[in-house]
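Quick notes on the structure that follows.
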Amino acid sequence: MAQQSKLTDTIMQWQQSQGRHNLPWQQTITPYKVHVSEIMLQQTQVATVIPYFQRWMALFPDLETLAAASEDEVMTLWQGLGYYTRARNLRKAAQYLNEQHQGQYPDDLKALEAIPGVGRYTAGAIRSFAFNSYGPIVDGNVKRLFARLFGIYGEPNKSSVNKEFWQQAERLTPPDNSKAFAQGVLDLGATVCKRHNPLCTECPVQADCFAFEHDCIEHLPSAKKSKVKPVKDAHFLWHTQDNKLLFKKRPSPGIWGGLWCLPEQQEAPENASLLGQFTHQFSHYSLQASVWQLNNVQQPAGLYQNTRLQPISELQQIGLPTPVRRFIEDIQTLV
DNA sequence: GATACGTGGGA
DNA sequence: TTCCCAAGTAT
């Protein structure tokens with residue numbers, strides 16, 4: 001067996017004694033559980049994911065069940081978790097694996113990356129966690145850890161900087177049995193090498209750490225350029241009929257794609273009264289929404305494609321964007 | 001390479 | 001309040 005770096009050994013041993021071993025997707029590991037959890041965890045905190053993961057596994061216990069599920073079933077479960085393309089791709093992935101790979105997960109990185117929604121990180125994660133084979137990973141945790149450990153400056157998403165992170169990951173990841181290493185860098189980043197107030201006194205690689213030695217932990221990783229968030233206006237229609245509310249399915253791709261939403265239009269409608277307003281902060285823009293109640297006899301024109309009248313008492317059964325659900329609930333409380 | 005894509009938590 | 005960030009990917 002090839003000589004493994006001391007850093008690799010240290011991180012693996014730390015993981016086995018101090019790392020996380022009780023996360024739901026670490027129990028009776030299967031490629032499917034690893035896949036689902038890794039998709040859910042993209043840009044999403046562990047604590048947020050856990051209840052979604054539990055519900056998902058109860059409803060879609062395997063690839064076959066998932067492949068046969070409707071998009072609506074999947075979106076209803078995913079509502080509130082965000083980045084809804086992930087949910088649609090997960091369902092596509094199940095169909096793809098059933099049709100192209102006999103319902104089995106491939107175990108090489110290239111084939112894993114060909115799965116819808118699986119990129120370089122997730123392919124490495126599946127290979128490491130599910131197969132315990134060589135699977136380098138670079139995520140936010142790893143970037144923070146490596147930036148400090150090796151003194152890697154520059155915006156982490158800049159391609160040249162990103163390339164450095166991946167080179168380090170490929171170099172340090174052991175050729176076999178890479179699970180403990182992959183889990184180790186994630187756990188170190190998440191629980192010790194935190195963005196704020198890192199626990200350097202508990203860090204197993206403190207002696208090797210550039211940032212610790214140079215006392216520049218708070219300056220690494222380098223800050224990204226912040227951008228001005230644009231404000232967008234939206235006009236939603238509130239149309240009720242027999243205690244039912246009119247919804248329209250959001251197109252994909254696009255914001256809230258695949259979820260049901262109040263019908264939206266560019267301009268404020270004529271002959272309508274303002275029922276209420278809400279604002280919502282997306283990561284890339286602020287939404288200023290107005291909700292218009294149409295006059296009684298007025299029918300919303302040209303809205304019948306992909307629409308449904310949903311009983312207000314049965315809103316739990318469809319996937320709604322979080323701020324829209326919140327608005328509707330607030331209105332109900334007032335009534 | 002830049003941008004779109006959600007939501008909630010923490011400082 | 002506002003901003004950054006969290007197990008990134010697709011286009």
Students often get this wrong, so: under 4.0 angstrom with heavy atoms, is [X] touching a base, only sugar-phosphate, or nothing?
| X | answer |
| --- | --- |
| Gln79(A) | nothing |
| Val118(A) | sugar-phosphate |
| Ser37(A) | nothing |
| Ile137(A) | nothing |
| Leu186(A) | base |
| Trp78(A) | nothing |
| Pro253(A) | nothing |
| Gly254(A) | sugar-phosphate |

Gln168(A): which of Arg171(A), Glu164(A), Glu170(A) passes side-chain hydrogen bond (donor to acceptor under 3.5 Å, both in side chains) = Arg171(A)
Once you round it to whole Å, what is the distance between [atom2] of [N] and [atom1] of [X]?
| X | N | atom1 | atom2 | result |
| --- | --- | --- | --- | --- |
| Leu287(A) | dT7(B) | CG | P | 10 Å |
| Lys232(A) | dC5(B) | NZ | P | 6 Å |
| Tyr285(A) | dG6(B) | OH | C1' | 10 Å |
| Arg86(A) | dA4(B) | CZ | C1' | 14 Å |
| Arg326(A) | dT7(B) | CZ | C1' | 9 Å |
| Leu259(A) | dG6(B) | CG | C1' | 10 Å |
| Arg195(A) | dA11(B) | CZ | P | 13 Å |
| Leu90(A) | dC5(B) | CG | P | 20 Å |

Per nearest nucleotide of DNA chain B, the residue lying toward the 5' end, Ser283(A) or His196(A), is Ser283(A)
Heavy-atom nearest nucleotide on DNA chain B taken for Gln281(A) and for Lys227(A); more 5' hit belongs to Lys227(A)
Flag the pair [X] / [Y] as yes when at least one side-chain heavy-atom distance between them is below 4.5 Å, and no otherwise.
| X | Y | value |
| --- | --- | --- |
| Tyr83(A) | Ser283(A) | yes |
| Leu246(A) | Pro263(A) | yes |
| Thr76(A) | Gln317(A) | no |

If you walk 5' to 3' along DNA chain C, what is the first nucleotide with an atom under 4.0 Å of a heavy atom in chain A, and what is the last?
-> dC4(C) to dA10(C)
Rounded distance in Å between the [atom1] positions of [N] and [M]:
| N | M | atom1 | answer |
| --- | --- | --- | --- |
| dG1(B) | dT9(C) | C1' | 15 Å |
| dC5(C) | dC5(B) | C1' | 16 Å |
| dA11(B) | dA7(C) | P | 15 Å |
| dT1(C) | dG8(B) | C1' | 16 Å |

Specify the closest pair of heavy atoms between Gln4(A) and Met12(A), including all atoms of both residues, with the distance to one decimal.
-> NE2-SD, 3.5 Å
With a 3.5 Å cut-off and just heavy-atom distances, do the side chain of Thr322(A) and the base of dG8(B) make a donor-acceptor pair?
-> no
5'-most contact on DNA chain C: Glu38(A) or Gly117(A), nearest heavy atom basis?
-> Glu38(A)
Euclidean distance, Ser5(A) OG relative to Phe181(A) CZ, rounded to 0.5 Å = 7.0 Å
Calculate, to the nearest 0.5 Å, the distance between atoms CG and CD belonging to Asn197(A) and Glu218(A) respectively.
-> 6.5 Å
Would you say Thr85(A) reaches dC5(B)'s phosphate, i.e. side-chain N/O to OP1/OP2 under 4.0 Å?
-> no
Check whether any side-chain nitrogen or oxygen of His280(A) sits under 4.0 Å from OP1 or OP2 of dT7(B), and answer yes or no.
-> yes
Salt bridge flag under 4.0 Å for residues Glu264(A) and Arg250(A) | yes
If the plane angle is over 60° it's perpendicular, under 30° parallel, otherwise tilted; pick one for Trp25(A) and Phe53(A).
-> perpendicular
